[in-house]
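The basis for the numbers below is simple: all heavy atoms, side chains too, and nothing from hydrogens, waters or symmetry mates.
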Amino acid sequence: MRVGLLVASIGNFGQKGFYNAQEIGLAKELDKLVDEIIIYKLIAEDQKYTEEKVGGCSHTILKMIPSKSYGINGLIDVEVLDKTLDAIVFFSDTQICVPRVYKWSRKNNVKLFPYIGVLESHSTSKLKKVIMDFLFQRNLNVYKKCHCFVKTPTVEQNLRNMGVNDITVTPVGLDISLLHQDFEEADVNELKLKYGFKPDDKVILFIGRLIEEKQPLRMVEIFSQLYKQDSNYRLLMVGSGLLNEVVDEKIMNADLTDVVMRIEKIPNSDIWELYRFADCFVNLNQQEIFGMAILEAMYYGCRVVAWHAPGPDFIIENNVSGCLVNNDSAVIEKCCAQVAVSENAHKRIVQKFTWKSTAVAMSKAMGAT
């Protein structure tokens with residue numbers, strides 16, 4: 001069986017070297033179950049086309065295809081797709097080219113399997129959100145005609161309420177081959193010193209793009225209260241975005257410059273070190289569709305405090321493998337709590353959230369096994 005994986009989103013989704021790319025992790029496991037995989041990843045129109053074999057795979061090719069776009073929505077030229085594929089898994093969400101890909105799949109007798117994590121735009125622009133949510137209705141008509149893969153039970157239930165019946169829950173997983181295997185042997189204090197912290201520092205870790213959706217300004221406000229309670233607290237923020245200057249200004253105005261560290265980028269191969277020495281990882285995204293950083297933090301035994309949202313609610317067993325919250329006071333309380341959840345968290349990720357089980361479920365639905 002020959003399978004295509006299509007990623008139309010243009011931006012930092014799957015940025016090479018700095019993100020646990022979902023399409024690559026999935027491909028590595030599907031590669032063991034099907035005859036051939038072609039990954040089609042759309043990139044900005046001014047970039048160059050490249051093609052390469054995916055490491056760790058026997059018969060998977062990655063094609064980086066320049067494409068016109070509207071925001072993060074790639075406007076794919078369907079002629080680049082191989083008409084002899086048996087199936088194509090489309091990381092579709094609210095992408096506006098879904099009807100175009102569906103029409104191509106019908107014409108060429110290729111089974112289309114949308115892979116869905118979100119059903120509405122989370123843009124802070126009201127006009128853009130209205131437009132994208134309107135366009136989603138076109139996608140919904142396609143989803144009703146396909147076997148859909150979804151990332152969370154919340155998306156499954158919402159789609160069923162909208163009249164979509166053929167659904168399999170296939171969660172996002174970690175690519176074990178990219179993870180540091182001996183993390184427990186690393187000395188926490190040595191890692192703290194490496195990044196400029198003292199052994200007594202209590203490090204709160206925040207990882208995410210500095211955009212409104214990720215709530216970095218709220219993180220600074222919450223940290224300010226934590227620091228007032230205990231001056232040993234430190235905040236490490238990893239990421240960059242449109243709010244870079246605003247976040248820096250807020251840190252400065254709160255007189256927190258000496259106790260907040262900002263790192264704009266860190267290679268995925270090194271990020272385990274942060275999870276290893278951090279006392280707590282905080283996710284404040286109230287619309288989190290999944291949360292790759294949550295998976296990574298839990299795998300490395302870092303205590304997670306996450307805002308209630310579809311992804312965290314699915315991943316975390318509250319107060320067993322992590323903590324779920326719905327207000328700032330609860331965030332502060334759980335950050336301060338000394339709760340031993342690291343072993344439970346690691347075990348849950350290994351058992352439930354690696355790409356192997358998702359690839360098996362998808363291959364069965366596609367008729368490969």
Side-chain angles (χ1 to χ4, degrees), residues 1-44 47-67 72 74 76 80-82 85 87-93 95 113-118 149-151 170-181 207 209 265-272 289-297 299-300 311 315 349-350 352-363 366 368:
M1 186 176 197
R2 302 178 68 247
V3 177
L5 303 182
L6 173 59
V7 179
S9 179
I10 294 180
N12 69 344
F13 183 91
Q15 185 177 1
K16 193 171 183 180
F18 289 91
Y19 195 77
N20 196 332
Q22 295 180 24
E23 69 278 7
I24 300 297
L26 175 58
K28 286 181 179 179
E29 292 299 332
L30 278 176
D31 185 85
K32 304 170 185 176
L33 303 171
V34 301
D35 300 310
E36 183 181 354
I37 299 173
I38 303 175
I39 303 173
Y40 301 94
K41 182 170 177 57
L42 303 191
I43 56 178
Q47 296 182 24
K48 293 183 178 180
Y49 173 89
T50 61
E51 184 174 318
E52 62 184 73
K53 183 176 180 181
V54 176
C57 296
S58 299
H59 37 250
T60 296
I61 298 295
L62 169 63
K63 297 184 177 184
M64 306 286 280
I65 304 169
S67 173
I72 64 169
I76 188 171
V80 303
L81 302 175
D82 189 331
L85 291 172
I88 188 162
V89 178
F90 183 8
F91 289 72
S92 55
D93 288 347
Q95 289 289 313
F113 294 85
Y115 191 18
I116 310 162
V118 62
F149 298 137
V150 299
K151 296 179 180 180
T170 50
V172 170
L174 289 181
D175 181 351
I176 296 296
S177 69
L178 297 179
L179 302 178
H180 191 81
Q181 301 303 312
I207 297 177
R209 285 174 295 147
K265 276 187 177 183
I266 184 168
N268 204 49
S269 58
D270 294 338
I271 203 164
W272 70 271
I289 62 174
F290 204 83
M292 294 298 291
I294 293 175
L295 295 184
E296 291 178 340
Y299 179 87
Y300 290 120
I315 298 168
I349 297 307
V350 171
K352 302 288 186 180
F353 296 102
T354 62
W355 282 114
K356 182 176 181 179
S357 57
T358 288
V360 169
M362 285 187 174
S363 65
M366 290 186 288

Mind checking whether [X] and [Y] have side chains closer than 4.5 Å, heavy atoms only?
X    : Y    : answer
F290 : Q22  : no
L6   : E23  : no
F113 : M362 : no
V54  : D31  : no
L85  : E36  : no
L33  : M366 : no
I38  : L81  : no
I65  : Y49  : yes

About how many Å separate [atom2] of [Y] and [atom1] of [X], when rounded to the nearest 0.5 Å?
X    : Y    : atom1 : atom2 : value
I43  : T50  : CD1   : OG1   : 5.5 Å
L30  : I39  : CG    : CD1   : 9.5 Å
Q47  : M64  : CD    : CE    : 7.0 Å
I10  : I72  : CD1   : CD1   : 9.5 Å
F149 : L26  : CZ    : CG    : 9.0 Å
I207 : I271 : CD1   : CD1   : 3.5 Å

Original post:
Between W272 and Y300, how do the two ring planes meet: parallel, tilted or perpendicular, split at 30° and 60°?
Top reply: tilted

Subject >> Parallel, tilted or perpendicular, as decided by the 30° and 60° cut-offs, for the rings of Y115 and W355 >> reply: perpendicular

How close do [X] and [Y] get, counting heavy atoms only, and between which atoms?
X    : Y    : answer
T60  : A27  : CG2-CB, 4.0 Å
F90  : A8   : CE1-CB, 3.8 Å
G55  : K28  : O-CE, 3.4 Å
G173 : M292 : O-CE, 3.5 Å
Q181 : Y299 : OE1-OH, 3.5 Å
D93  : G117 : OD1-N, 2.6 Å

Original post:
Does a side-chain N-to-carboxylate-O contact under 4.0 Å join E29 and K356?
Top reply: no

Subject >> Candidates L174, T358, I315 - the one meeting side-chain contact (heavy atoms from CB on, under 4.5 Å) with F353 >> reply: I315

Subject >> N/O donor-acceptor pair under 3.5 Å between H180 side chain and S269 backbone >> reply: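 Such a contact is absent between H180 side chain and S269 backbone.
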
Original post:
Short question: side chain of S92, backbone of I116 - any donor-acceptor pair under 3.5 Å?
Top reply: no

